[in-house]
Amino acid sequence: MRQLSHHRAQHGIIMIEVLVALIVLALGILGLAGLQVYSLKNSQSAYARSIASDLANDLAERVRANRTPELAGNPQIKVASEASMAQAALPPDYPAFNCGDNASGVLSCTAPSDGHPGNTLASKELASWMRLVRASLPVGDEGGGLICRDDDITNGVDVPDAADHGGPIYDSSDSEYEAKTGCLAPTNAKYAQAPLVIKIWWQDLDQSGKRVAGAPLQLFSTPLGDNLAALVVPTAAPASGGAP
């Protein structure tokens with residue numbers, strides 16, 4: 001009898017060990033599944049960020065190409081005087097462009113009335129780029145891209161939280177322009193000296209590729225490199241013979 005009881009006790013212990021092993025295995029499988037979902041989400045986020053980087057580079061090249069219209073080989077643009085040549089050496093004041101959807105729902109941009117010879121081309125290219133951002137990324141109702149002036153791209157507005165997603169406001173005269181975008185309005189005293197910055201907002205997708213309602217916007221923000229970062233809006237043309 002004692003030997004039989006001993007064998008039954010051994011069988012009971014073996015069953016407990018098997019159950020424990022199954023529980024550990026199940027937890028491991030669940031952990032691997034969660035890791036796979038997390039990896040997929042990060043992969044999608046990295047892919048969206050790489051697209052945003054390509055889009056920012058695209059606009060930066062357009063800005064550089066529009067810096068000197070005559071040197072860019074556009075025979076339709078003629079510089080009438082030394083003063084206008086000095087202004088043409090600067091890119092158009094892109095942040096001052098007024099962009100938005102027209103009555104037909106097509107995004108378009110209107111150039112400021114500062115007489116820059118590159119304004120016509122810039123307004124078309126900027127609107128085309130903004131439409132490209134909408135087509136290339138899951139921007140939702142609040143996302144999009146813009147170019148503005150910003151002297152501090154590390155401020156808190158540029159990392160929006162769930163309560164205030166931030167996002168693009170294309171009208172720089174809007175009362176929430178600076179608060180939402182982190183950009184400087186043209187009326188700001190720091191505006192003329194601040195570098196040009198390209199910002200793009202979008203929403204990450206879930207593991208099934210669907211947009212998550214109410215999810216905070218992701219942001220890609222980068223200043224234009226090389227000497228464009230130091231360019232300022234000219235307040236007056238230089239005197240004849242002076243440095244442009």
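Considering only residues two or more places apart in sequence or on other chains, F97 meets the ring-ring contact (aromatic ring centres under 6.0 Å, His included) condition with Y94. N57 pairs by the side chain to side chain donor-acceptor pair (under 3.5 Å) definition with nothing, not counting sequence neighbours.
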- Query: Can you check salt bridge (charged side-chain N to carboxylate O under 4.0 Å, His left out) on K199 and D150, steps first, answer last?
  - Reply: CA-CA 10 Å; K199 299 184 180 186; D150 187 358; 2.8 Å; yes
- When you look at C109 and M130, which way does the side-chain contact (heavy atoms from CB on, under 4.5 Å) test go after all the steps? CA-CA 10 Å; C109 295; M130 288 179 173; 4.1 Å; yes
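Summarising the geometry of A52 relative to F220, their closest heavy-atom pair is CB-CB, 3.8 Å, with the distance given to 0.1 Å. Residues H116 and N66 share a closest heavy-atom pair of CE1-O, 4.4 Å. Residues A111 and N119 approach most closely at CB-CB, 3.6 Å, considering heavy atoms. In this structure, A56 and I198 approach most closely via the heavy-atom pair O-CD1, 3.3 Å.
A heavy-atom distance below 4.5 Å is not found between the side chains of L219 and I200. Side-chain atoms of P195 and L224, non-hydrogen and from C-beta on, never get closer than 4.5 Å to each other. Counting heavy atoms from C-beta outward, Q193 and D151 have side chains that stay 4.5 Å or more apart. At least one side-chain heavy atom of L146 sits less than 4.5 Å from a side-chain heavy atom of C183. You'll find the side chain of S221 reaches within 4.5 Å of the side chain of V197, heavy atoms only. By the 4.5 Å heavy-atom criterion applied to side chains, L196 and P95 are counted as neighbours.
Sorted by first and then second residue, the salt bridge (charged side-chain N to carboxylate O under 4.0 Å, His left out) pairs involving residues 48-63 (not counting sequence neighbours) are D58-R62, E61-R64.
Distance OG/S53 to CD1/I51: 10.5 Å, rounded to 0.5 Å.
Neither side chain, Y177 nor N188, offers a donor N or O lying under 3.5 Å from an acceptor on the other.
The closest donor-acceptor contact from the side chain of S136 to the backbone of L132 lies under 3.5 Å. Formation of a donor-acceptor pair under 3.5 Å by the W129 side chain with backbone atoms of L55 is found in this model. Looking only at distances, no side-chain donor or acceptor of R149 sits under 3.5 Å from a matching main-chain atom of A185. With hydrogens and angles disregarded, no donor-acceptor distance shorter than 3.5 Å links the side chain of S104 to the backbone of V106.
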